[in-house]
Amino acid sequence: RRDLEHSHTIQVSSLLPSSICSLATKVLDKKSSLQVVHKHGPCSQLYHHDKANIPTHAEILLQDVARVKSIHSKLAKSLGSTKVDQTDAANIPAKDGSVVGSGNYVVTVGLGTPKKDLTLIFDTGSDITWTQCQPCVGTCYKQQDPVFAPSLSSTYSNISCNSTTCNSLASATGNTPGCSSSACVYGIQYGDSSFSVGIFAKEKLTLTSTDVFDDFLFGCGQNNQGLFGGAAGLIGLGRDKLSLPSQTASKYRKYFSYCLPSSSSSTGFLSFGYGGVSKFVKFTTLTTISQGTSFYGIDIVGISVGGKKLPISASLFTAGGSIIDSGTVITRLPPTAYTALSSEFRKLMSQYPKAQPLSILDTCYDFTKFSSVSVPMISIFFRGGVEVPIAAKGILYVNTISQVCLAFAGNNDDTD
Amino acid sequence: VGIFGNTQQKTLQVVYDGVGGKLGFATGGCS
């Protein structure tokens, strides 16, 4: 009985995404809502443009490892120690993976006058919004949308390098800004050597037809490298004062929400302001991580598997703290917590044949002989008595039906 | 740090209240 009450019954055929996009039915406050799609799914234009270069799941998970390393590294060292010149980035080798190239979600916004639509990765784990710009003075990668041309926009202007706005880049990017012909030069690097360098500028940003922001500060990237999967750049939704929520605070009060779709063949939304928020929402307190104040810190205090709370102390989670990040694919737990989670999960999944590990995922199953499977429910508990039941599609990471894995992983150390 | 990643956020409505210092979750957020 406990199994029935505390498990998801999943049709195995539903585990793989469709090759056809199905639009979500949710109608939000459309005035301030953008459609969210997975970068590599059939709902994304990028998918149709560049099917041949879609990464494998193993590659996506490796990129996810790079992103997590980058986050840990950022939290481990002080910021603002590296000065960036526009020419420097040309000498930085980009490896065959990119932190922002991992399993990420994209939205389309408009920039400039007349407005040009750009598909950008949305990322709560970074702050600066940037897009590739013409002219490309270093390396630029292939993108789906036409590259933004500031010279064709009547509302574009550079930020001066002697301004306080320019100096504020240090906290937002972790790099001291540079100067080129009086223009402020920004540089942001994403830990695995992918980067964007260019002119810091302001421009009209059109989120929706009714939500338009003049003088939005963004990076006009003239030297960009990494596997960005055809996206034109990135929207930084972090907590720094240069992030999009901070720059639009007068209208939205730093209030935004999103829903990531259940699969890459369906859509979600990114919405700004109070409109469309569920009345059933449960809130926990945001915390601040002292070494990385732009991250959204949260307090995880417990986990349950199959309705049973794991016997781990809340202090185990608070030793290293936790953040929420839209750009990290797999939730990372303190290793002691992960061991307890996977051990209980394995116990409740013992009727299914095991499969080979997939990269960082070590608890995998072969469902080829089953038409439906029963998977234990998992809930995460946050400070303030907030229980968040994870959707069935959030418990499993599916490579193929013969390799379906528990979608959690452990950090290296409980104090990470 | 631990990280609450995007696979686990699927179908939840995740609400950021930067001024109020709160983070919210609602199930069934996409449909």
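The sequence lines fix the lettering, A, B, ..., with proteins before strands; numbering per chain opens at 1.
- Not one N or O on the side chain of A:Ser322 forms a donor-acceptor pair closer than 3.5 Å with the backbone of B:Val1.
- A cation-pi arrangement is present between B:Lys22 and A:Phe283 under the rule of less than 6.0 angstrom and at most 45 degrees off the ring axis.
- Not a single donor-acceptor pair under 3.5 Å links the side chain of B:Gln13 to the backbone N or O of A:Leu260.
- When each of A:Gly297, A:Gly410, A:Cys259, A:Pro334 is scored by its heavy-atom pairs under 4.5 Å with chain B, the top score falls to A:Cys259.
- B:Ile3 pairs in a side-chain contact (heavy atoms from CB on, under 4.5 Å) with only one of the listed residues (A:Val68, A:Thr331, A:Ile330), which is A:Val68.
- With ring centers used as reference points, B:Tyr16 lies under 6.0 Å from A:Tyr296.
- With respect to chain A, the highest number of heavy-atom pairs below 4.5 Å among B:Gly18, B:Gly5, B:Ala26 belongs to B:Gly5.
- Only the side chain of A:Ile289 comes within contact range of chain B, with at least one heavy atom under 4.5 Å from a heavy atom of that chain.
- In terms of heavy-atom pairs under 4.5 Å with chain B, the best-connected choice from A:Ser262, A:Ala337, A:Ala249 is A:Ser262.
- When heavy atoms are compared at a cutoff of 4.5 Å, A:Thr124 approaches chain B solely by way of its side chain, counted from C-beta outward.
- The contact between A:Arg253 and chain B is made by backbone and side chain atoms together, counting heavy-atom distances below 4.5 Å.
- Looking at B:Phe4 and A:Ile298, their side chains come closer than 4.5 Å, going by heavy atoms from C-beta outward.
- Using a 4.5 Å cut-off between heavy atoms, A:Pro389 touches chain B through backbone and side chain atoms alike.
- More than 12 heavy atoms of other residues, nucleotides or ligands sit less than 6.0 Å from atom NZ of A:Lys282.
- Of the inter-residue distances, the one linking B:Leu12 atom CG with A:Ser278 atom OG reads 10.5 Å to the nearest 0.5 angstrom.
- The closest side-chain heavy-atom distance from A:Tyr252 to B:Val19 is not below 4.5 Å.
- The contact between A:Ile71 and chain B is made entirely by side chain atoms (from C-beta outward), counting heavy-atom distances below 4.5 Å.
- In this structure the side chain of B:Val15 never reaches within 4.5 angstrom of the side chain of A:Tyr274, judged on heavy atoms.
- Heavy atoms closer than 4.5 Å to chain B are found in the side chain of A:Phe382, but not in its backbone.
- For B:Thr11, the parts lying under 4.5 angstrom from a heavy atom of chain A are both the backbone and the side chain.
- Side-chain contact check for B:Asn6 versus A:Asp325: every heavy-atom pair is 4.5 Å or farther apart.
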